[in-house]
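Below is one structure, written out as structure tokens; the observations come after it.
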Amino acid sequence: MATDSWALAVDEQEAAVKSMSSLQIKEEKVKADTNGVIKTNTTAEKTDEEEKEDRAAQSLLNKLIRSNLVDNTNQVEVLQRDPSSPLYSVKSFEELRLKPQLLQGVYAMGFNRPSKIQENALPMMLAEPPQNLIAQSQSGTGKTAAFVLAMLSRVEPADRYPQCLCLSPTYELALQTGKVIEQMGKFHPELKLAYAVRGNKLERGQKVSEQIVIGTPGTVLDWCSKLKFIDPKKIKVFVLDEADVMIATQGHQDQSIRIQRMLPRNCQMLLFSATFEDSVWKFAQKVVPDPNIIKLKREEETLDTIKQYYVLCNNREEKFQALCNLYGAITIAQAMVFCHDPQNSELAGSRALKGGPQVALLSGEMMVEQRAAVIERFREGKEKVLVTTNVCARGIDVEQVSVVINFDLPVDKDGNPDNETYLHRIGRTGRFGKRGLAVNMVDSKHSMNILNRIQEHFNKKIERLDTDDLDEIEKIAN
DNA sequence: AAAAAAG
């Protein structure tokens, strides 16, 4: 019997018929969901503070609504480790038999029905006994909400110690995901969330009493081992967001795996990411025992809503000039400019964008308080352009971002193209069905070569753009 | 190369 041949089917009936393989796959097409429009409540005058809260809530809502709308033609592949168990897929949240407070939280966030990935992932994640899951699907398909829901449904609010642990690759993403957890869990008054991130210090000997912990790898590792703020043996659900960077050798592998080893044997592991490079994918299957696997195929289709261009420059100086020429176009909405390192961000911000009032810098070198303030201002639209590094390449969700500029193309430490980071970076735009624009700056034979290899990898033409032709730029930006 | 630590 060939264990590696996946049975393909257009619907569940066919999948059942074709179950001769020990592994099952389900593939289906879905139609766009047309409902789910949410309106802002614009009644009487409100204080600044209230308005700020409203905006934050609205943006969170829009983000989550999106997961009900975006994945219109995607195909889902489901691979179950246990072929004898039926392949469940839910079309409503009621079918999941969630705690009433949690269901209330789900609906309060504007969810009407599960997104495509959630239809399959939720029953798998909530099954008893718990099963591990590795899931790949592009941004905006409801990954965050899916694993947040899994954590919230497993948690026992009466127990005052950490039971669910979620790791994020960056400080900013941990804050963002934490907000989703808080929102969705807000009808459980006794349920609390702790942020295990840089700058969040506890007294010696203190214990974390919050039931859910979101954090970055270094701090979480310290809290679990050296500082003993968390008893890792009591963790029931372990989530790796942006899982591929979390377990990649060049990423946070060391710390993530050390944390994983401290967890109990029966701890449920959930890995989510938009990208899994081949070797990382294999490693993921090695470190996660008996995983269920879900893939939302056709990741290249995300690129269809994003127009990609490149600008040819002769040297770095010309890149500054080109970026300067683009300023008018990119401030129509909001833009993110990605640089190779904090120094280049600094230069791009000061020299090309003149450190303008609309421009903000964000890099890992900065103090966390400052980082939190900058990302908050950018979310609120107080800054139009965020000049940053790979720290913001993944997961950061700011709806108004319509332009991504790769001031430096993404490369790994050997100087090879970093296709995964490229996809994540340009995925900061073109969301919610909106059009997005990505502009890549090329300034040498070497970087042209990198760009060509990125084109080949995604099999997508990246066209040349002349930054001296302002009419053309205006046209594209609109 | 960036990020990630109370080192």
Side-chain angles (χ1 to χ4, degrees), chain A residues 165-178 194-208 213-230 232 240-260 262 273 275 277 280 316 336-349 361-372 374-375 386-396 406-425 428 441 446-447 450 454:
Chain A
L165 176 60
C166 176
L167 290 189
S168 293
T170 64
Y171 174 76
E172 287 76 12
L173 191 55
L175 297 190
Q176 181 180 288
T177 306
Y195 290 85
V197 293
R198 235 179 183 149
N200 200 357
K201 315 217 162 165
L202 271 65
E203 299 273 324
R204 275 169 68 102
Q206 207 180 324
K207 294 278 181 216
V208 175
V213 177
I214 174 118
T216 41
T219 309
V220 170
L221 183 60
D222 273 0
W223 285 23
C224 286
S225 55
K226 199 174 60 184
L227 303 169
K228 303 225 184 306
F229 294 154
I230 297 173
L240 289 179
D241 193 11
E242 305 295 339
D244 58 334
V245 256
M246 301 310 286
I247 61 167
T249 332
Q250 69 276 33
H252 303 110
Q253 189 184 75
D254 256 30
Q255 292 165 326
S256 301
I257 298 299
R258 274 162 71 190
I259 293 164
Q260 189 218 355
M262 290 188 278
S273 184
T275 55
E277 184 260 325
V280 181
R316 201 173 70 160
M336 291 174 84
V337 179
F338 288 99
C339 301
H340 182 254
D341 51 63
Q343 290 70 35
N344 270 7
S345 304
E346 173 72 44
L347 286 172
L361 293 181
L362 182 49
S363 79
E365 284 186 332
M366 293 158 52
M367 306 274 288
V368 281
E369 298 78 11
Q370 206 182 349
R371 288 169 65 170
V374 168
I375 196 78
L386 189 66
V387 188
T388 184
T389 62
N390 277 345
V391 69
C392 289
R394 286 167 172 264
I396 297 305
N406 284 318
F407 185 80
D408 300 310
L409 297 175
V411 288
D412 64 19
K413 70 176 187 347
D414 304 319
N416 291 314
D418 185 344
N419 298 312
E420 285 68 39
T421 300
Y422 182 83
L423 191 66
H424 281 279
R425 279 186 183 181
R428 296 313 95 218
M441 306 249 176
H446 177 67
S447 57
I450 303 269
I454 290 173

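All chains are named by letter (A, B, ...) in the order of the sequence lines, taking the proteins before the strands, and each is independently numbered beginning at 1.
- Residue A/Leu221 is classed as having no contact, given no heavy-atom separation below 4.0 Å to the nucleic acid.
- With A/Gln176 contributing its side chain and A/Gly395 its backbone, the two residues share a donor-acceptor pair below 3.5 Å.
- In this structure, A/Arg258 places its CZ atom 17 Å from P of B/dA4, rounding to the nearest Å.
- At a threshold of 4.5 Å between non-hydrogen side-chain atoms, the residues A/Val213 and A/Ile230 count as touching.
- Using a 4.0 Å heavy-atom distance criterion, A/Gly215 is classed as making no nucleic acid contact.
- One interatomic measurement links the two molecules: CZ of A/Arg425 to C1' of B/dA3, which rounds to 13 Å at whole-angstrom precision.
- Comparing B/dA2, B/dA4, B/dA6 against the side chain of A/Arg371 picks out B/dA4 as the nearest.
- Side-chain N or O atoms of A/Asp222 include none that pairs as donor or acceptor with a backbone N or O of A/Lys226 at under 3.5 Å.
- Nucleic acid contact for A/His252: base, since at least one base atom lies under 4.0 Å from a heavy atom of the residue.
- Rounded to an integer number of Å, the gap from A/Arg198 CZ to B/dA2 P is 14 Å.
- Distance A/Leu173 CG to B/dA4 P: 11 Å, rounded to the nearest Å.
- Among the atoms of the strands shown, none is found under 4.0 Å from any heavy atom of A/Asn416.
- With distances taken from any side-chain atom of A/Lys226 to the nucleotides B/dA3, B/dG7, B/dA2, the minimum falls on B/dG7.
- In this entry the distance linking CD of A/Gln343 with C1' of B/dA3 reads 14 Å, nearest Å.
- In this entry the distance linking CZ of A/Phe338 with P of B/dA3 reads 12 Å, nearest Å.
- Distances were taken from every side-chain heavy atom of A/Asp418 (C-beta onward) to each of B/dA6, B/dA2, B/dA1; the shortest belongs to B/dA1.
- For the pair A/Met246 CE and B/dA3 P, the interatomic distance rounds to 15 Å; values are reported in whole Å.
- Distance alone, capped at 3.5 Å, places no donor-acceptor pair between the A/Arg371 side chain and the A/Leu362 backbone.
- If you check every strand for non-hydrogen atoms under 4.0 Å, A/Pro342 touches sugar and phosphate atoms only.
- Heavy atoms of A/Asp222 sit under 4.0 angstrom from primed sugar atoms or phosphate atoms, though from no base atom.
- At B/dA3, one or more side-chain N or O atoms of A/Thr389 fall inside 4.0 Å of OP1 or OP2 (strictly under the cut-off).
- Between A/Glu365 atom CD and B/dA2 atom P there is a gap of 8 Å when expressed in whole angstrom units.
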- Going through the distances and angles, do A/Val245 and A/Thr421 end up as a side chain to side chain contact (heavy atoms under 4.5 Å, CB included)? CA-CA 10 Å; A/Val245 256; A/Thr421 300; over 6 Å; no

